[in-house]
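In what follows, chains carry the letters A, B, and so on, assigned in the order in which the sequence lines appear, proteins first and then strands, with residues in each chain numbered from 1. Side-chain atoms are counted along with the backbone in the values below, which use heavy atoms only and exclude waters and symmetry mates.
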There are 2 protein chains.
Amino acid sequence: MERQKFKEYVATKGLKLTKKRDDILDEILTTEGHFDPEELFIRMKTKGSKVSRASVYRTIPLLLECGLIEEVERIDKHAHYEKVLGKQHHDHMICMKCGKVIEFFSPTLEMLQSELCQKESFTGIRHNLEILGYCGRCSK
Amino acid sequence: MERQKFKEYVATKGLKLTKKRDDILDEILTTEGHFDPEELFIRMKTKGSKVSRASVYRTIPLLLECGLIEEVERIDKHAHYEKVLGKQHHDHMICMKCGKVIEFFSPTLEMLQSELCQKESFTGIRHNLEILGYCGRCSK
DNA sequence: CATTAAATTGAGACATAGTCGCATTAAAAG
DNA sequence: CTTTTAATGCGACTATGTCTCAATTTAATG
Ligand SMILES: [Mn+2]
Ligand SMILES: [Mn+2]
Ligand SMILES: [Zn+2]
Ligand SMILES: [Zn+2]
């Protein structure tokens, strides 16, 4: 069904549904958790794919635009994404010691943000909340 | 008083309070709003300072650590900072069309985040919330 | 199926942000 | 003033991402 969504998106944009784009989507769909473009590219290469780095980087914005993936963090100078799939939107807590990532979702938080946007006459499209600190294990 | 704080920080760390570090702090203190390291460096160069790019980049983490500046955004692959000075902590809404940045602060939001951290046994140190969308003018 | 126009691709050059090693210089302690 | 230690500038280097362009693929049309 993700492929269908992508196909439709690509069609409405007058773009072509190519084998390479499909391969990239495939690899992302079978990836659990967060990923970054470079790592994705290397993984595909390792598996024998003939895809190029440029194509990986060029496909990511398309998948973002049609809502199949989201940017979740931008740390250490590079972007990280995750597939949206059945997952509902969530934000992240990141442990500065061990790197553990805790995903959380709070309807109250989302609501509050809507209110804050309204107050500023701002039309919020998306947001990114990262809480940095120490996980339970590392706080000790 | 900022210089004093920096001086103390530097002392406790066994570092030296050099003229260059002082110059960089100076330039930041006279900067209104957000800045990025590259722009700061160019500005200092233009004003005739002999400071090097490396020193600017090396001083920023020190100022972060002692709480004189904060990282506020990481967009377009590069980091942006702002001085903390009298300003209270706040988060940002960023217009994806005109680039306008709206600063806001909500005690409720801060409180809620504390609760969420507690629920996850997470010790939150700092956070970064960016809401992307369209400002009042650009929503029209 | 063949033709064709438009989009996509890979390769590698290029860009940008930031980091690092090392010889030289400056700070501060005695 | 001397000594020790840290900081500096320079430029090379790294990492992440973007761009150009010739060659290829797609998909629409006949
Ligand atoms: Mn996630
Ligand atoms: Mn701000
Ligand atoms: Zn941890
Ligand atoms: Zn705007």
Side-chain angles (χ1 to χ4, degrees), chain A residues 3-4 6-28 34-66 69 71-81, chain B residues 3-4 6-28 34-66 69 71-81:
Chain A
R3 184 162 297 107
Q4 189 53 33
F6 188 44
K7 198 170 173 178
E8 281 167 21
Y9 175 77
V10 152
T12 64
K13 280 280 190 170
L15 305 176
K16 290 169 180 175
L17 184 55
T18 64
K19 191 145 177 9
K20 296 297 167 61
R21 282 181 180 158
D22 216 42
D23 289 350
I24 294 164
L25 175 56
D26 243 9
E27 185 61 37
I28 290 175
H34 299 182
F35 67 90
D36 69 71
E38 210 69 23
E39 154 205 315
L40 187 75
F41 167 60
I42 300 297
R43 188 141 34 89
M44 292 184 74
K45 274 299 201 191
T46 306
K47 289 183 182 176
S49 169
K50 293 285 181 293
V51 81
S52 72
R53 224 161 73 89
S55 287
V56 170
Y57 276 99
R58 286 192 280 230
T59 300
I60 281 173
L62 300 179
L63 296 173
L64 270 176
E65 282 157 29
C66 78
I69 62 173
E71 185 177 330
V72 288
E73 308 157 38
R74 187 174 276 274
I75 48 176
D76 288 340
K77 289 187 283 174
H78 65 286
H80 291 241
Y81 305 88
Chain B
R3 183 161 298 110
Q4 189 53 32
F6 189 44
K7 197 169 175 179
E8 281 167 21
Y9 174 78
V10 153
T12 66
K13 280 281 190 171
L15 305 176
K16 290 169 181 174
L17 183 56
T18 63
K19 190 140 177 11
K20 296 296 167 64
R21 283 181 178 156
D22 216 41
D23 289 349
I24 294 165
L25 175 56
D26 242 9
E27 185 61 38
I28 289 175
H34 300 181
F35 67 91
D36 69 70
E38 209 70 23
E39 154 204 315
L40 186 75
F41 167 60
I42 300 297
R43 189 140 34 87
M44 292 184 74
K45 273 300 201 190
T46 306
K47 289 183 180 175
S49 169
K50 293 282 180 292
V51 80
S52 72
R53 223 161 73 89
S55 288
V56 170
Y57 277 100
R58 287 192 278 231
T59 300
I60 282 173
L62 299 179
L63 296 173
L64 271 176
E65 282 156 29
C66 80
I69 62 173
E71 184 177 330
V72 288
E73 308 157 38
R74 186 173 277 274
I75 48 177
D76 288 339
K77 290 187 284 175
H78 65 285
H80 292 243
Y81 305 88

### Query
Going by distance alone, is a donor N or O of one side chain under 3.5 Å from an acceptor N or O of the other, for B:E38 and B:H78?
no

#### Entry: B:I60 CD1 to C:dT19 P, straight-line distance once rounded to whole Å
10 Å

### Query
Hey, are the side chains of A:T18 and A:V10 touching, using non-hydrogen atoms and a 4.5 Å cut-off?
no

#### Entry: Separation between CZ of A:R74 and CZ of B:R74, rounded to the nearest 0.5 Å
8.5 Å

### Message
Counting only side-chain nitrogens and oxygens, does B:S55 get under 4.0 Å of the OP1 or OP2 atom of D:dG9?
### Response
yes

### Query
Rounded to the Å, how far apart are A:F41 CZ and D:dA15 C1'?
14 Å

### Task
Output the single nucleotide from D:dT8, D:dT26, C:dA27 whose closest atom is nearest the side chain of A:T18.
D:dT26

### Task
Report yes if the side chains of B:R21 and B:F6 come closer than 4.5 Å at any heavy-atom pair, otherwise no.
yes

### Query
Where the side chain of B:P37 is concerned, which of C:dG10, C:dG18, D:dA6 is the nearest nucleotide?
C:dG18

### Query
Can you tell me how far CG of A:L15 sits from OH of A:Y9, rounded to the nearest 0.5 angstrom?
7.0 Å

### Query
Should the heavy atoms of other residues, nucleotides or ligands under 6.0 Å from NZ of A:K45 be counted, would the total exceed 12?
yes

### Query
A:K45 has an atom NZ; how far is it from atom C1' of C:dA11, in whole Å?
10 Å

### Query
At under 4.0 Å between heavy atoms, what does B:K16 touch on the DNA or RNA strands: base, sugar-phosphate, or nothing?
base

### Query
Rounded to the nearest 0.5 Å, how far does CG of B:D22 lie from NZ of B:K19?
7.5 Å

### Query
Over its full length, what angle do the end axes of the helix from C:dC1-D:dG30 to C:dG30-D:dC1 make, each axis taken from five pairs and the result rounded to 10 degrees?
30°

### Task
Please state whether the phosphate of C:dG10, meaning OP1 or OP2, lies under 4.0 angstrom from any side-chain nitrogen or oxygen of A:K20.
yes

### Query
The side chain of B:R21 lies closest to which of these nucleotides: D:dG17, D:dT8, C:dT8?
D:dT8

### Query
Is any side-chain heavy atom of B:I24 closer than 4.5 Å to a side-chain heavy atom of B:T59?
yes

## Note on the structure
When rounded to whole Å, the NE2 to P distance for the pair B:H80 and C:dG18 reads 9 Å

### Task
Using atom CZ of B:R74 as one end and atom P of D:dT16 as the other, report the distance to the nearest whole Å.
12 Å

Give every pair of a protein N or O atom and an N or O atom of nucleotides 18-23 of chain D that lie under 3.5 Å apart, one pair per line with the distance.
| unit_1 | atom_1 | unit_2 | atom_2 | d |
| --- | --- | --- | --- | --- |
| D:dT20 | O4 | A:R58 | NH1 | 3.4 |

### Query
Once you round to the nearest 0.5 Å, how far does CZ of A:R3 lie from CG of A:D26?
4.5 Å

## Note on the structure
Whole-Å distance, B:D36 CG to C:dA17 P, equals 7 Å

### Length of the line joining A:D23:CG and D:dT25:C1', which is rounded to integer Å
14 Å

## Note on the structure
Heavy-atom nearest nucleotide on DNA chain C taken for A:G14 and for B:D76; more 5' hit belongs to A:G14

### Query
Expressed in angstrom and rounded to an integer, what is the separation of A:E39 atom CD from D:dA15 atom C1'?
15 Å

### Query
Would you call A:F41 and A:S55 a side-chain contact if the rule is heavy atoms closer than 4.5 Å?
no

#### Entry: B:L17 vs B:E38, nearer the 5' end of DNA chain C by closest nucleotide
B:E38

